[in-house]
Each structure stands twice: as C-alpha cells, then as structure tokens.
*Asks:* 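Here's a structure for you.
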Amino acid sequence: MRHIVNSTILAAMTLASTLNCAAQTVGQENAPVDPQIAAALQQISAKQIRADVEKLASFGTRSTLSAQDPASIAAGHGIGAAREWIKSEFERYSKECGGCLEVKTDTFTEAPADRIPKATEITNVYAVLKGTDSESAKRIMLVTGHYDSRNSDTLDVAGDAPGASDDASGTAVSLECARVLSKMKFPGTIIFLTVAGEEQGLNGSRHFAKMAKEQGWKFEAVLNNDIVGGDKNPEQDHATVRVFSEGLPAAATEQEIRRIRAMGGESDSGSRQVARYIAEVGRTYDTGVKPLLVFRTDRYLRGGDHSAFNGEGFSAVRFTEFREDFHHQHQNVRVENGVEYGDLAKFVDFDYVAHVARLNAATLASLASAPAPPGNVHLLVKDLENDSTLTWEASPGAAGYEVLWRVTSSPEWEHVEKVGGVTRVTLKVSKDNVIFAVRSVDREGHRSLAVVPTPER
Ligand SMILES: [Zn+2]
C-alpha cells in the first residue's frame, strides 16, 4: 500500500488522523527504478561469483599470518597469492573499461598482538571508480569483504582454511560489484575494497578506516559483506539476508549521547539510515533477496569490519546470510562423527551470493547517482507549538527535497512529503510525536540518504 501525503491534504489533517495512518502501517512510495541500474544488475553473474569463490578457496589458506613470499605467490599458496590474484582481477576489469578503475594497495606492518605472534605485513586491495562530477566525486560509497581466512586455530598458518563463505563470498561481492559497475558512470565515487587481518582483529579495516578519516575521505555508506554464502543447510532462508546496523554510534561524543538520550534518537544513527536505504532499494529492485534489518551492531559473540568503520565515525552496516552453519566456519576441514566440518565452496549457494551482490550493487549505484544529502538539517524547537519547522542547506544537484517521518516506535519511515526546491518547511505534525528526516531527490528520482535533524533553539 502506498501513501504520499501532499501539502493540501496534510494541512487539513489533524494529528490524530496522522497517527491513525501510521497505525495502519502505511508505507511510503518506493524510489523509481533506474533502467540503467536495473540493466546492470542483470550482468551480475552467479557463475562468475562461483569462479571467484572457488579460486579464493584454492590458495590452501588465506590466513593473514600465512606465506606471502615470491615463491609461495608463484606456487599459488597463502595470502600473498590471494592478494596478487585479487589485484589482477581488479586490473583486468579496469582494462575492460578503458582504465576507469584506479587499483591500489594499502600495505602496513601490524605490530605483534594477541593473535599476531610477530610483526606482520598486511595488505588491503582496492579499486576506485572515481565520480564523474568533481564535487560529487568527494562523496564515497564503499563495499568491502575480507579476503583472509582461518581454521579452528587462528594462529595456524599452514593448515587448510578455504574460507569459502567466510569470507570469499564477501570478497566476491566486492569483485563482482567492481566488474559490473565499472561499466557505468556515476557522479559519486565508489570504492571496491577487500581487506586482510579481519580474523586477527579487524586489522586491515581498522587501518583503512583510520587512513580514510585522516585523509578526510567522506564515506557516505560502507557496506560490509561477511559470510554471505547462503550455506545450504536445510533451515537456511535463501530469500533473506540480514543487515546489521549500530544504534548508538560507536564514535558518538558524550554531548551527542546526551542528545540521543533526550530525544529518543537511539534508532537513528547514520548506519541505521543506510540500513533503511537498503530496505527501500530492496523494494525498488528485484535482487532475488530481501534485507532483514537487524537493529544491533552484530551477532552475539561476533564482530566484523563494519565496526572498524563505525569506530572512526562512518556509517557502516554488515550483510550476513540468514542462518549460519557453525560447522562450516572457523573449523578445520574434517569429518567427525559423520559431521562434515570446514568452510568449503560446496556449501555455498552461488545464486544467493549473486542476489546479495545485486542488493549491494543497487545500493551503491543508487547512492552514487543521487545528489548529496541536504546539509545542516535542523528542527526548530525554540517555541512550544504543535507545528514542526525544518530547515536545511541546499544540496547541489537536488531538484527538490522530501520530508520523511514515522512514529517514534516504528522501525521504518512511514510518510513522505514532497516539498519541492525549498530549504524550509512547516508541517502540521507535532515533532513531539514523530521522528523527522529530510532527503534530496534529483530529477530522475534518485534519493539521497535521509538526514535526521538536530534540534535548534
Ligand atoms: Zn568473516
């Protein structure tokens, strides 16, 4: 059911009737399909993803602590060989698009730590599809997966660790998004990243996120894919992928936490707006998989690379298959009491990984096509009144703006009001009863992330 509230109707609406609409779970209109994005999604190939995952699983182990000397690389064994292969794939895609991708490495030496017995060189490999518009190109969408793997013992550098689902699947999502989206052009920048060191302590992503912060890179959304193999156990839901997002931002200051506490902003972090955006993209495009938004940072006892980005103040979410089979991750390859252990490619559902890659690609492409979110969005709270006035700064490239709102107990936006090219609007809806946000929209209907206002006295 769709529901767009226009100004005339809205002006006549009482608060009671507005809340009544919400109580009936009235949905907002989904973004229109961009035919070019829809065509690109068709290019995402389960066959290619299968080849990627099987290749990554073929290096024996991709333990961050495993071999990376020239002889091992030449022999196709260890993390060094995996790294060189990923780099050559990005370079191949770049060649196919006339050099449109800048393929780079981020290498550093990690000092000894709990899971790193001696100083170890760690390399992240990434490809940059630079935005076509010099101003918009500063806005960066990032997709990432970790190419390192582990078996039962995280310090075992020699034993097999195929890591097909954890996380060759996520690495394949980054690769496949790069292969397909590099054939398109976007005003915003997209970075396709694969990191190492995840299993030793998120070392690769921590280094990359820190470097990005120091260099002033503006990540609008970070999509981390970790364990998206769609394990073929009988209880798997192959039509659903979980999207985890933090509530209270890990990097929030004391002052920000106080404001969140006072206003009930626990479910409106930047990461959560990314999650809601993914849910909307999942309704607009037929990707084959539906996102299940999980409103917590990660699963119990587990962590992932998105947290490293959250720690530096970036909006980042994690995609993970609906149901994990713990016999098939972080386990030595073996059969014990008739149970097959190990993260083998044969347990991966490659169609499922392709569906998840489509959802990622649709999200990256939609955001990179959209205008920047409106700046400095404020909600005026200096007077006691039942109307709500919002102000914001214009976004270059926006044809207009939309104000969104939902009752405070609802997980997703319920109402949208198209307000045109203005930067100030007063609505007959009480700010005391709802949560507002504003987003930018261009002429083709590409929507930015929603920005929740800060109160202004
Ligand atoms: Zn993992």
Side-chain angles (χ1 to χ4, degrees), residues 49 52-53 56-57 59 61-66 79 82-83 86 110 114-116 122-125 142-156 159-175 192-209 222-231 233 236 241-246 294 296-311 316-333 341-345 347-349 352-353 356-357 360:
I49 284 171
D52 293 348
V53 170
L56 285 162
F59 295 109
T61 177
R62 304 188 309 279
S63 162
T64 299
L65 311 173
S66 67
I79 192 156
R83 173 193 77 212
I86 292 166
E110 189 71 56
D114 259 9
R115 297 183 181 184
I116 300 183
I122 294 179
T123 300
N124 301 318
V125 187
L142 180 85
V143 61
T144 185
H146 70 87
Y147 71 92
D148 62 310
S149 68
R150 60 167 288 182
N151 52 31
S152 301
D153 176 2
T154 188
L155 299 178
D156 178 354
D160 273 356
S165 184
D166 187 12
D167 183 31
S169 65
T171 303
V173 168
S174 278
L175 284 168
F192 310 94
L193 173 65
T194 68
V195 299
E198 198 272 351
E199 303 290 9
Q200 312 311 122
L202 314 182
N203 307 82
S205 52
R206 279 192 215 281
H207 188 266
F208 196 85
V222 174
L223 312 182
N224 174 32
N225 290 267
D226 195 350
I227 312 179
V228 291
D231 188 286
N233 69 61
Q236 187 62 274
V241 64
R242 290 178 290 174
V243 178
F244 291 86
S245 59
E246 64 176 4
V294 183
R296 51 168 60 118
T297 305
D298 213 320
R299 302 100 74 229
Y300 286 102
L301 302 174
R302 308 297 288 273
D305 290 318
H306 58 307
S307 296
F309 289 91
N310 288 154
V317 302
R318 174 189 187 131
F319 291 80
T320 297
E321 64 190 10
F322 180 74
R323 189 183 191 281
E324 292 165 84
D325 188 325
F326 301 107
H327 294 150
H328 299 160
Q329 34 174 283
H330 300 192
Q331 291 284 351
N332 285 346
V333 179
Y341 291 86
D343 192 352
L344 298 165
F347 301 126
V348 172
D349 173 353
Y352 179 83
V353 186
V356 174
N360 274 263

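Just follow the structure's listing: the first ligand is 1, and inside any ligand the first atom is 1. This one's a predicted model, so the numbers in the text were calculated from it and none came from an experiment.
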*Asks:* With distance as the sole criterion, is a donor-acceptor pair present between the side chains of D343 and H330 under 3.5 Å?
*Replies:*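 Short answer, no.
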*Asks:* Distance only, no hydrogens: is a donor on one side chain within 3.5 Å (strictly under) of an acceptor on the other, for E110 and N203?
*Replies:*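 Indeed, the side chains of E110 and N203 share at least one donor-acceptor pair under 3.5 Å.
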*Asks:* Against R318, only a single residue in D226, T144, T297, V222 fulfils side-chain contact (heavy atoms from CB on, under 4.5 Å); can you say which?
*Replies:*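 Only match with R318 under side-chain contact (heavy atoms from CB on, under 4.5 Å): D226.
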*Asks:* Provide the protein N, O or S atoms situated under 2.8 Å from the Zn ion (ligand 1); waters are not included.
*Replies:*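 Only H146 NE2, D166 OD1, D226 OD1, D226 OD2 fall inside 2.8 Å of the Zn ion (ligand 1).
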*Asks:* Is there a side-chain contact between N332 and D160, using heavy atoms and a 4.5 Å cut-off?
*Replies:*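 No, too far: nothing below the 4.5 Å cut-off.
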*Asks:* Assess whether a salt bridge exists between E198 and R62, defined as any Lys/Arg side-chain N lying under 4.0 Å from an Asp/Glu carboxylate O.
*Replies:*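 No, this pair does not count.
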*Asks:* With no hydrogens and no angle check, do the side chains of H328 and D231 hold a donor and an acceptor under 3.5 Å apart?
*Replies:*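 Short answer, yes.
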